[in-house]
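Counting from 1, the numbers follow the sequence of the chain as shown.
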Amino acid sequence: MLDWQDIQLFLEVARCQRLTEAARRLGLDHSTLSRRTRRFEEKLNTQLFERSTHGYRLTEAGQRLLAHAEEMSRHALEAVEGLSDQNRRLSGQIRLGVTEGFGTWVVAPLLAAFGDRHPGLTLDLLALPRVVNLSRHEADLAITIERPASPGLVVSRLCDYRLRLYASRDYLARRGRPERLAELGRHRLIGYVDDLIFSDQLSYLEPLLDPAKVGQAPQMAIRSTSVTTQYTACLHGAGLAVLPCFMAEPAPALAAVLDDEVEVNRQFWITARQEQRQLARVRLLWDFLREALELNHHFLMGESASLIIPEA
């Protein structure tokens with residue numbers, strides 16, 4: 001008979017592909033997890049992992065077991081969820097992965113209302129300057145700037161949002177306001193580090209750095225992997241930055257420039273693994289985010305400077 005604890009350990013190692021990370025997530029010592037993983041293989045008389053300096057890769061037998069283990073995990077989650085429903089009050093944890101700026105400026109304030117509606121739930125908000133990996137079970141739900149293409153995911157377009165070119169009013173008083181693209185050569189720009197951009201959807205500055213379009217290319221003043229850092233640098237007069245309207249419009253110290261020539265429209269997508277999407281607590285958060293962001297369409301498109309918080 002298989003031990004459910006062995007299956008849980010196997011699943012975590014298979015998802016993380018690194019023993020140290022799996023041990024940390026399980027709250028176990030690295031050597032203990034290594035020993036228990038080998039003991040599980042001995043019990044099955046089958047090698048489940050190929051071990052190397054690059055991590056733990058599943059063997060063919062491990063891949064076959066993984067499919068069954070994922071199904072067992074799904075049924076266990078559904079069983080717990082069903083018991084929670086019987087008490088007529090949902091409890092448990094939801095982990096939501098989202099891009100840094102959107103998570104900080106929009107999602108975090110909205111989640112206060114969700115918490116008031118469902119006080120038994122604990123929310124982990126992963127607001128990161130990268131894509132959260134659902135296949136490795138880093139989160140239950142993810143909001144991304146690109147439509148995920150991985151199999152086994154439920155994906156839906158969540159909302160549109162707009163970005164504009166912004167500068168601080170202090171910067172404009174010192175350096176002057178550009179009235180056309182050709183004048184950007186006299187200004188300093190703030191943007192992403194090119195080789196560390198995690199999505200092509202973030203390459204906003206390419207048209208502004210093309211001499212064929214703007215004449216003399218502007219100087220890059222500051223580059224950062226963090227949109228929060230870019231926002232802060234722009235706010236303090238370091239240069240011009242393409243920023244989401246939901247970040248910049250509420251700041252009185254920032255002003256949009258070249259409105260007619262620089263406007264970027266993007267989308268956010270919401271996604272979950274099929275088995276997680278079926279859980280009641282995940283469905284509740286999914287539906288709440290759709291409702292709250294539909295309510296804030298004008299704010300996301302830069303037509304309003306105030307975020308609307310849904311009623312609890």
Worksheet item: Just by modelled atom types, is the Pro252 backbone N or O under 3.5 Å from a matching donor or acceptor in the Arg169 side chain?
Response: yes

Worksheet entry | Side-chain donor/acceptor of Arg186 to backbone N/O of Gly176, under 3.5 Å | no

Does one hydrophobic cluster hold both [X] and [Y], with members joined at side-chain heavy-atom distances below 4.5 Å?
X	Y	value
Leu235	Leu189	yes
Val193	Leu128	no
Leu28	Leu48	yes
Met72	Leu26	yes
Leu163	Met220	yes

Worksheet item: Are Arg39 and Asp6 close enough, and set up right, to give a salt bridge (Lys or Arg N to Asp or Glu O under 4.0 Å), and what steps lead you there?
Response: CA-CA 9 Å; Arg39 188 184 302 159; Asp6 288 337; over 6 Å; no

Worksheet item: When you look at Glu12 and Arg24, which way does the salt bridge (Lys or Arg N to Asp or Glu O under 4.0 Å) test go after all the steps?
Response: CA-CA 10 Å; Glu12 203 60 58; Arg24 178 183 59 80; over 6 Å; no

Practice prompt. Report the residue from His187, Arg177, Arg188 that forms a side chain to side chain donor-acceptor pair (under 3.5 Å) with Tyr171.
Written response: His187

Under 6.0 Å from the [atom1] atom of [X], do we count more than 12 heavy atoms belonging to anything else shown?
X	atom1	value
Glu303	CD	yes
Arg25	CZ	yes
His30	NE2	yes
Gln93	CD	yes

Residues 285-293, side-chain donor-acceptor partners within the protein, below 3.5 Å, at least two apart:
{"unit_1": "Arg290", "atom_1": "NH1", "unit_2": "Ser156", "atom_2": "OG", "d": "2.7"}
{"unit_1": "Arg290", "atom_1": "NH1", "unit_2": "Arg157", "atom_2": "O", "d": "3.0"}
{"unit_1": "Glu291", "atom_1": "OE1", "unit_2": "Arg117", "atom_2": "NH1", "d": "3.4"}
{"unit_1": "Glu291", "atom_1": "OE2", "unit_2": "Arg117", "atom_2": "NH2", "d": "3.1"}

Which heavy atom in [X] sits nearest to a heavy atom in [Y], and how many Å separate them?
X	Y	value
Asp140	Ala272	O-CB, 3.4 Å
Pro148	Thr271	CG-CG2, 3.8 Å
Ile222	Ala233	CD1-CB, 3.8 Å

Practice prompt. Using the salt bridge (Lys or Arg N to Asp or Glu O under 4.0 Å) rule, take Glu261 and Arg180 through it: C-alpha gap first, then chi angles, then the decisive distance, then the call.
Written response: CA-CA 8 Å; Glu261 298 186 75; Arg180 52 197 181 94; over 6 Å; no

Worksheet item: Hey, are the side chains of Glu249 and Arg164 touching, using non-hydrogen atoms and a 4.5 Å cut-off?
Response: yes

Fill in: Derivation and outcome, side-chain contact (heavy atoms from CB on, under 4.5 Å), residues Leu65 and Thr46
CA-CA 11 Å; Leu65 178 60; Thr46 302; over 6 Å; no

Could you tabulate the donor-acceptor pairs under 3.5 Å formed by side-chain atoms of residues 97-112, not counting sequence neighbours?
{"unit_1": "Glu100", "atom_1": "OE1", "unit_2": "Ser226", "atom_2": "OG", "d": "3.2"}
{"unit_1": "Glu100", "atom_1": "OE1", "unit_2": "Val227", "atom_2": "N", "d": "3.3"}
{"unit_1": "Glu100", "atom_1": "OE2", "unit_2": "Ser226", "atom_2": "OG", "d": "2.9"}
{"unit_1": "Glu100", "atom_1": "OE2", "unit_2": "Thr228", "atom_2": "OG1", "d": "2.9"}
{"unit_1": "Thr104", "atom_1": "OG1", "unit_2": "Glu100", "atom_2": "O", "d": "2.8"}

Practice prompt. Would you kindly say whether Asp29 and Ser31 are connected by a side-chain donor-acceptor distance under 3.5 Å?
Written response: yes

Discussion item. Any salt bridge linking Glu60 with Arg64? Criterion: basic side-chain nitrogen under 4.0 Å from a carboxylate oxygen.
Written reply: yes

Discussion item. If the condition is ring-ring contact (aromatic ring centres under 6.0 Å, His included), which residues does Phe49 pass it with, not counting sequence neighbours?
Written reply: Phe10, Tyr56

